[in-house]
Amino acid sequence: MTPASEALSARAVDLLRRLVSFDTTSRRSNLELIGWVETWLAEQGIASRRIGNADGTKANLLASIGPDVEGGVVLSGHTDVVPVDGQDWTSDPFALIERDGRLFGRGSCDMKGFLALALAAVPDLLAAELKRPVHLAFSYDEEIGCLGAPAMIEVIAAELPRPALVVVGEPTDMVAVSAHKGIMSIKVTVEGHEAHSSLTHLGVSANMAAVRLMACLSDLADRLEREADAASPYLPKHPTLTIGVIDGGTAGNILARRCEFIFDLRAPGTFDRWGALQPFLELCKQIDAELKADWPDAGVSWKLLGEVPALEPETDGPAEAFARRLAGDNGPARVVSYAAEAGQFQQAGFSVVICGPGSIDQAHQADEYVELAQMQRGGAFMARLVEALSAD
């Protein structure tokens, strides 16, 4: 490591400690963290802008360092984290702890480590004679459907000098990733008609109807696995469909009045997700009609909770080439099965790469961590970023 990258990495660890201390679980507001980052940037002489949600409880944050010219680099990451409920943590998830070369804490890997590195680069960016700017783009609600980023991307596209590329710092072990699967998430609600469970002629169970729908989805998931493309670079190779939440019924001896479940379908951008779901959607209509024929208050409805586009590989993409140069990455082309905001940036016309510290294998679980060595590699990446934007 160079002295510059070593100092940058040390600053990043200190900043990560502060960022992890904010409980930004998606069900909570992220404004306390956003306010702290605003103040920290202001102390460096950098103005920032909030781009909030409709009710003002959450916000994206956008800031620029360097000349007001085109060709800059966007460093993008989300501020929200997944819940720790029911997980067996061996330390406080919101207090960064270093053990055996690992930094433990919720979001340390996914993805406050990258946010800390981006902020840690600010003093060096200010001291350099930048020829092109860096834009910090911190979002909210990525973990529940990439809900916050679109409004921020719209501002970047419409109001900033056109950036050359975007680096989304999801955990990739600090190597370049050129593609990710897209995702759609759907909530299904089945309304039944309550009665004693011994008198099935006097009602209808929402749970029993929901089982038929879930069986259809299970069959589709099995078919997608059987028909997997052996040449697919993804792991798993096939589009995946899983039912993540089921909530139905009041008691074992009551025909269930309501049953709700949520499922998601993840697939590469070339896959026709809506086409694959047509048999299921037709079954929804069929069962809805059957239930309403006997009980007008019963039925089936569904709601699209979110749809995030896939990131598709770019031929000779400038973002990937830039990230590989900064990361010292000469490895093969890589893809990931998780969804991210990268696909949203690409959909808006930007060249995008995913590259950040940590492994997705450590995300979303108890004792989440990022290796100190990864933060050091990230520090070297950011130091080279400063050099690259000063030399151009």
Side-chain angles (χ1 to χ4, degrees), residues 26 141-147 150 179-194 200 203-230 232 234-250 255-312 335-340 343-344 347 364:
S26 302
D141 281 357
E142 187 272 351
E143 296 288 5
I144 54 174
C146 298
L147 304 181
H180 67 65
K181 289 182 178 180
I183 182 175
M184 63 192 309
S185 179
I186 292 178
K187 180 179 181 179
V188 180
T189 301
V190 182
E191 299 286 354
H193 188 89
E194 288 180 315
T200 54
V204 63
S205 168
N207 286 351
M208 297 297 285
V211 166
R212 293 171 60 192
L213 293 170
M214 287 187 279
C216 177
L217 292 176
S218 179
D219 289 343
L220 174 57
D222 291 343
R223 180 174 67 79
L224 293 174
E225 184 172 5
R226 288 194 307 271
E227 297 176 356
D229 180 1
S232 170
Y234 289 95
L235 185 66
K237 292 182 176 296
H238 58 281
T240 59
L241 190 156
T242 61
I243 300 169
V245 176
I246 303 172
D247 183 14
T250 304
L255 298 181
R257 180 179 62 84
R258 171 178 288 189
C259 182
E260 294 181 335
F261 61 92
I262 298 173
F263 70 92
D264 69 39
L265 175 59
R266 299 170 183 262
T270 54
F271 181 79
D272 182 4
R273 288 175 286 186
W274 285 110
L277 285 175
Q278 277 308 304
F280 168 77
L281 298 178
E282 289 299 323
L283 183 60
C284 286
K285 292 180 182 179
Q286 175 188 327
I287 295 178
D288 178 67
E290 292 173 2
L291 296 178
K292 282 182 167 55
D294 293 326
W295 306 100
D297 58 337
V300 176
S301 61
W302 59 270
K303 177 183 179 181
L304 179 65
L305 299 180
E307 188 170 15
V308 179
L311 173 67
E312 291 294 287
V335 302
V336 290
S337 292
Y338 57 76
Q344 295 173 321
Q347 191 174 61
H364 295 197

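Keep in mind it's a predicted model, so treat the numbers as computed, not measured.
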Working for side-chain contact (heavy atoms from CB on, under 4.5 Å), residues Val204 and Leu255: CA-CA 6 Å; Val204 63; Leu255 298 181; 5.8 Å; no
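For the side chain to side chain contact (heavy atoms under 4.5 Å, CB included) test, residues two or more places apart in sequence or in another chain that qualify with Ser337 are Lys181, Tyr234, Pro236. For Thr189, the side chain to side chain donor-acceptor pair (under 3.5 Å) criterion is met by Glu260, not counting sequence neighbours. Every residue two or more places apart in sequence or in another chain that forms a side chain to side chain contact (heavy atoms under 4.5 Å, CB included) with Cys146 is listed here: Glu142, Val308, Glu341, Gln344. Ala210 is linked by a side chain to side chain contact (heavy atoms under 4.5 Å, CB included) to Val190, Met214, Cys259, Phe261, counting only residues two or more places apart in sequence or in another chain. Scored by the ring-ring contact (aromatic ring centres under 6.0 Å, His included) test, Phe271 finds no partners at all (sequence neighbours excluded). Take Ala289 and apply the side chain to side chain contact (heavy atoms under 4.5 Å, CB included) test, not counting sequence neighbours, and it matches no residue. For Glu143, the side chain to side chain donor-acceptor pair (under 3.5 Å) partners two or more places apart in sequence, or in a different chain, are His364. Looking at residues two or more places apart in sequence or on another chain, you find no side chain to side chain donor-acceptor pair (under 3.5 Å) involving Asn207. By the side chain to side chain donor-acceptor pair (under 3.5 Å) test, Glu191 is found to be paired with Arg258, residues two or more places apart in sequence or in another chain being considered.
Applying the side chain to side chain donor-acceptor pair (under 3.5 Å) test to pairs two or more places apart or on separate chains, those with a residue in residues 220-229 are Arg223-Glu227. Applying the side chain to side chain donor-acceptor pair (under 3.5 Å) test to pairs two or more places apart or on separate chains, those with a residue in residues 270-285 are Trp274-Glu307.
Annotation: side chain of Leu305 is not in contact with side chain of Ile144 (no heavy-atom distance under 4.5 Å). Within the 4.5 Å cutoff, no side-chain heavy atoms of Thr242 are placed close to those of Leu217. In this structure the side chain of Val188 reaches within 4.5 angstrom of the side chain of Phe280, judged on heavy atoms. Within the 4.5 Å cutoff, the side chain of Ile186 has heavy atoms near those of the Leu277 side chain.
Across Leu304, Asp264, Leu241, a single residue satisfies side chain to side chain contact (heavy atoms under 4.5 Å, CB included) together with Met184, and that is Leu304.
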Listing, residues 290-303 side-chain donor-acceptor contacts under 3.5 Å, not counting sequence neighbours, or none:
from, atom 1, to, atom 2, distance (Å)
Glu290, OE1, Arg212, NH1, 3.0
Glu290, OE2, Gln286, NE2, 3.1
Lys292, NZ, Asp288, OD1, 2.7
Lys292, NZ, Ala298, O, 3.1
Asp297, OD1, His193, ND1, 3.3
Asp297, OD2, His193, ND1, 3.0

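Between Leu265 and Pro239, the shortest heavy-atom contact is CD1-CB, 4.5 Å. Heavy-atom minimum distance, Pro268 versus Ala310: C-CB, 4.1 Å.
The main-chain N or O of Ser232 is found under 3.5 Å from a side-chain atom of Lys237 such that the two form a donor-acceptor pair.
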